Structure formats: structure tokens, C-alpha cells
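Report on the structure given below.
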Amino acid sequence: MNDYDYEAFRTAIEDSFISLYAIDAASLTAAQRKVHQKQLNTTYLALLKVENNAFASLTGQAKITLAGLSSSVLLLQSQLAGFKKAQETLEIVADFLGVLETIVTLLP
């Protein structure tokens, strides 16, 4: 992973956060709101950590791990592209939540 790849990675996470943020929580059931809040929180934490960690300051192992996660994050971004129903967005992010959680735990 290089600086360009890292920026694409950050943009993909940001786009995922925007897709979740755009959901009208009032349109969700109580169970969906709980899922939405967890996904929104996890994605936001991943975004903050990626933005707060300059690529140059990451360890070699962190760069290798992030490079492995990058394809999953880019796939998430592509699946969220365009207008989606709230439930569809939640289902797409649910499939990638583990990737986002790994990013949160990997970066200080």
C-alpha cells in the first residue's frame, strides 16, 4: 500500500460513513436503529483513526494489514454507490463490519 492507495482507502471509508449518515433514522424500526447506530459508530471510528494516522507513520505490519483490508473497503464503497434503501445499506455494511472493526483496533 502506498500513499495513493491509502487515500483511496480513506475515501472509501468516508463514502461508507456518508451512506450510513444519510439514512433517516426515524424511518427505521427500533432493531434497525440499533444496528444502524453500531455501524455508524464503527465506521466513524474507522474514519477518524485513518484520518489521524499519517500513512508514513504506520508500522510495516500495519501497512501490510491495511493493504489486505483495502480491497474489502473498496468493495464496500462500490456496493454502497448510488441510492439505496435504508435496509439495503444496513445489510451491505453488516457484511463488512468486521473489516471496519479490524481497522478500528489496528490503528492507535
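The shown structure was predicted, so the numbers you read here are calculated from the model rather than taken from an experiment.
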task: Spell out, as yes or no, whether a donor-acceptor pair under 3.5 Å connects the side chain of H36 to the backbone of L20.
output: yes

statement: Students should find that the hydrophobic cluster of V104, defined by side-chain heavy atoms under 4.5 Å apart, otherwise consists of L45

query: Roughly how far apart are I18 CD1 and I23 CD1, rounded to 0.5 Å?
result: 13.0 Å

- prompt: What pairs of residues pass the salt bridge (charged side-chain N to carboxylate O under 4.0 Å, His left out) test when at least one of them lies in residues 47-62, not counting sequence neighbours?
  reply: R10-E51

task: Is it possible for you to say whether I103 and L58 belong to one hydrophobic cluster, with membership spreading through side-chain heavy-atom contacts below 4.5 Å?
output: yes

task: Not counting sequence neighbours, which residues clear side-chain contact (heavy atoms from CB on, under 4.5 Å) with Q79? List them please.
output: L75, I92, F96

- prompt: For T102, what residues pass the side-chain contact (heavy atoms from CB on, under 4.5 Å) criterion, not counting sequence neighbours?
  reply: L69

Gap separating the OG atom of S72 from the CG atom of L100, nearest 0.5 angstrom: 9.5 Å

Candidate pair L74 and S78, rule side-chain contact (heavy atoms from CB on, under 4.5 Å), full reasoning: CA-CA 6 Å; L74 293 172; S78 70; over 6 Å; no

task: Please name all residues satisfying ring-ring contact (aromatic ring centres under 6.0 Å, His included) with F17, sequence neighbours left out, ordered by chain then number.
output: Y21, Y44

- prompt: Got a second to check how far L80's CG is from S16's OG, nearest 0.5 Å?
  reply: 5.0 Å

field: Residue pair A62 / L106: nearest heavy atoms and the distance that separates them
entry: O-CD2, 3.9 Å

- line: Here the salt bridge (charged side-chain N to carboxylate O under 4.0 Å, His left out) pairs for residues 65-78, sequence neighbours left out, are none

query: So which pairs with a foot in residues 86-100 pass salt bridge (charged side-chain N to carboxylate O under 4.0 Å, His left out), sequence neighbours left out?
result: none

- prompt: Is there side-chain contact between L90 and L28, with heavy atoms separated by less than 4.5 Å?
  reply: yes

- prompt: K38: what forms a side-chain contact (heavy atoms from CB on, under 4.5 Å) with it, not counting sequence neighbours?
  reply: T42, L97, E101

query: Would you say E14's side chain and T11's backbone share a donor-acceptor pair under 3.5 angstrom?
result: no

Non-neighbouring partners of T65 that pass side-chain hydrogen bond (donor to acceptor under 3.5 Å, both in side chains), sequence neighbours left out: Q61

- request: Please identify each residue that fulfils side-chain contact (heavy atoms from CB on, under 4.5 Å) with D24, with sequence neighbours left out.
  value: A26, S27

statement: What one should report as the nearest heavy-atom pair of S71 and G68 is OG-O, 3.7 Å

query: Tell me, which pairs form a salt bridge (charged side-chain N to carboxylate O under 4.0 Å, His left out) where one or both residues lie in residues 53-65, sequence neighbours left out?
result: none

- prompt: Are V50 and L48 connected in the hydrophobic side-chain network, where two residues link if heavy atoms are under 4.5 Å apart?
  reply: yes

